[in-house]
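Below is one structure, written out as structure tokens; comments come after it.
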Amino acid sequence: MTDREQYTPGPASGAQVRKERGQNGEQKWTLILVRELRHSPEKVWQALTDPAHLREWAPFDADGNLGKVGTTVKLTTVGAPTPRVTETTVTRADAPNALEYKWGGFDMRWELEAFGGGTRLTLWTNIGHRFIAMGAAGWHICFDVLDRLLSGTPIGRLVGPEAIKFGGWQRLHAEYAKQFGIETPNSPPQADQKS
């Protein structure tokens with residue numbers, strides 16, 4: 001059995017939702033995920049900015065390095081039914097502490113803080129409220145894959161439709177929806193795989 005076959009995500013944790021009003025009075029939801037990783041901020045920074053590292057864990061591919069302010073990079077969503085390419089410009093790159101850009105029109109803000117010999121990684125991203133529990137479940141798995149990659153025991157990227165079919169994603173989706181107090185009426189069908 002491979003490491004990937006043995007992988008089961010832990011319980012939904014380290015996430016919260018902030019609800020604010022936008023400039024036009026619309027409701028804006030921000031997903032905030034915090035994960036403590038056993039790796040230095042410099043090592044995590046490289047995984048967040050280097051295209052080769054991103055291809056191993058992130059839900060998008062980047063055609064350039066995200067580590068410098070003003071850099072324009074194309075981000076291609078992995079697993080989308082049709083290719084979804086977003087051009088973004090890095091608006092903040094304070095290595096190895098903070099990184100900001102947009103992905104698919106949504107703000108992405110990463111903060112890295114040295115913590116207990118590792119890094120406390122925090123992601124802020126605005127997501128439509130109907131998809132926020134799905135996003136939390138997806139990023140949860142991405143962070144698990146990232147942690148294993150940086151530990152030298154990679155299990156391979158697990159994103160998009162592949163992640164949704166994964167039994168652990170289904171459980172996480174339901175747990176985050178419950179934590180956030182939202183319904184999940186349009187959940188994908190339960191996977192037959194292990195949960």
Side-chain angles (χ1 to χ4, degrees), residues 2-18 29-62 66-67 75 77-79 95-101 103-104 106-127 131-180 194-195:
T2 67
D3 288 341
R4 185 176 186 136
E5 291 169 332
Q6 293 177 2
Y7 165 66
T8 300
S13 65
Q16 62 177 303
V17 173
R18 273 204 194 127
W29 290 50
T30 301
L31 173 64
I32 304 165
L33 289 165
V34 179
R35 178 66 66 92
E36 291 173 5
L37 301 171
R38 302 167 290 194
H39 317 285
S40 70
E42 292 78 14
K43 195 171 182 180
V44 175
W45 178 264
Q46 185 177 12
L48 293 177
T49 58
D50 181 86
H53 281 89
L54 290 165
R55 276 191 296 278
E56 298 294 323
W57 71 272
F60 55 79
D61 288 330
L66 293 165
L75 304 178
T77 302
V78 175
N97 304 307
L99 177 65
E100 294 181 17
Y101 55 89
W103 174 40
F106 296 107
D107 296 325
M108 302 288 291
R109 184 173 89 202
W110 302 89
E111 289 190 7
L112 298 82
E113 175 187 357
F115 177 79
T119 301
R120 177 178 287 135
L121 177 64
T122 305
L123 167 64
W124 283 263
T125 183
N126 56 323
I127 298 179
F131 303 104
I132 206 154
M134 293 174 74
W139 282 112
H140 181 118
I141 290 172
C142 285
F143 287 175
D144 284 353
V145 172
L146 170 62
D147 193 41
R148 283 172 169 73
L149 172 69
L150 295 177
S151 294
T153 55
I155 61 173
R157 179 160 54 183
L158 186 56
V159 298
E162 184 181 5
I164 290 172
K165 292 175 189 168
F166 179 67
W169 184 91
Q170 300 288 338
R171 177 183 49 78
L172 285 170
H173 179 220
E175 289 175 8
Y176 281 119
K178 185 175 180 181
Q179 284 181 22
F180 301 157
K194 69 176 190 152
S195 40

As a quick check of understanding, evaluate ring-ring contact (aromatic ring centres under 6.0 Å, His included) for W110 and W139, giving each step before the final call. CA-CA 13 Å; W110 302 89; W139 282 112; 5.5 Å; yes
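- The minimum heavy-atom distance between P59 and V159, with the atom names listed, is CA-CG1, 3.7 Å.
- Side-chain atoms of N126 come within 3.5 Å of backbone atoms of D107 as a donor-acceptor pair (strictly under, hydrogens ignored).
- Ring geometry for W169 against H173 counts as parallel: the plane angle stays under 30°, on a 0 to 90° scale with 60° as the upper cut.
- Between F166 atom CZ and L172 atom CG the span is 8.5 Å, to the nearest 0.5 Å.
- To the nearest 0.5 angstrom, R4 atom CZ is 10.5 Å from R157 atom CZ.
- Annotation: the span from K43 atom NZ to L146 atom CG amounts to 10.0 Å, rounded to 0.5 Å.
- The CG atom of L54 lies 7.0 Å from the CG atom of L48; values are rounded to the nearest 0.5 Å.
- By the 4.5 Å heavy-atom criterion applied to side chains, R148 and W57 are not counted as neighbours.
- Here the side chain of Y176 pairs a donor or acceptor atom with the backbone of S13 at under 3.5 angstrom.
- Using cut-offs of 30° and 60° for the angle between ring planes, the Y101 and F60 rings count as perpendicular.
- Legend: residues meeting side chain to side chain donor-acceptor pair (under 3.5 Å) with R18, ordered by chain and number and at least two apart, are absent.
- Looking only at distances, no side-chain donor or acceptor of T119 sits under 3.5 Å from a matching main-chain atom of L37.
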Could you give me the CA-CA distance, side-chain angles and deciding distance for V145 and E56, then say whether side-chain contact (heavy atoms from CB on, under 4.5 Å) is met? CA-CA 8 Å; V145 172; E56 298 294 323; over 6 Å; no
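- Judged by distance alone, with hydrogens and angles left aside, the side-chain atoms of Q179 form a donor-acceptor pair with the main-chain N or O of A12 at under 3.5 Å.
- To the nearest 0.5 Å, the span separating CG on L121 from CH2 on W45 amounts to 11.0 Å.
- Distance check: I141 CD1 to L158 CG gives 5.5 Å after rounding to the nearest 0.5 Å.
- Salt-bridge formation is detected for the pair R120/E36: a Lys NZ or Arg NE/NH1/NH2 atom is positioned less than 4.0 Å from an Asp or Glu carboxylate oxygen.
- Looking at heavy atoms from C-beta onward, L123 lies in side-chain contact with F143 at the 4.5 angstrom threshold.
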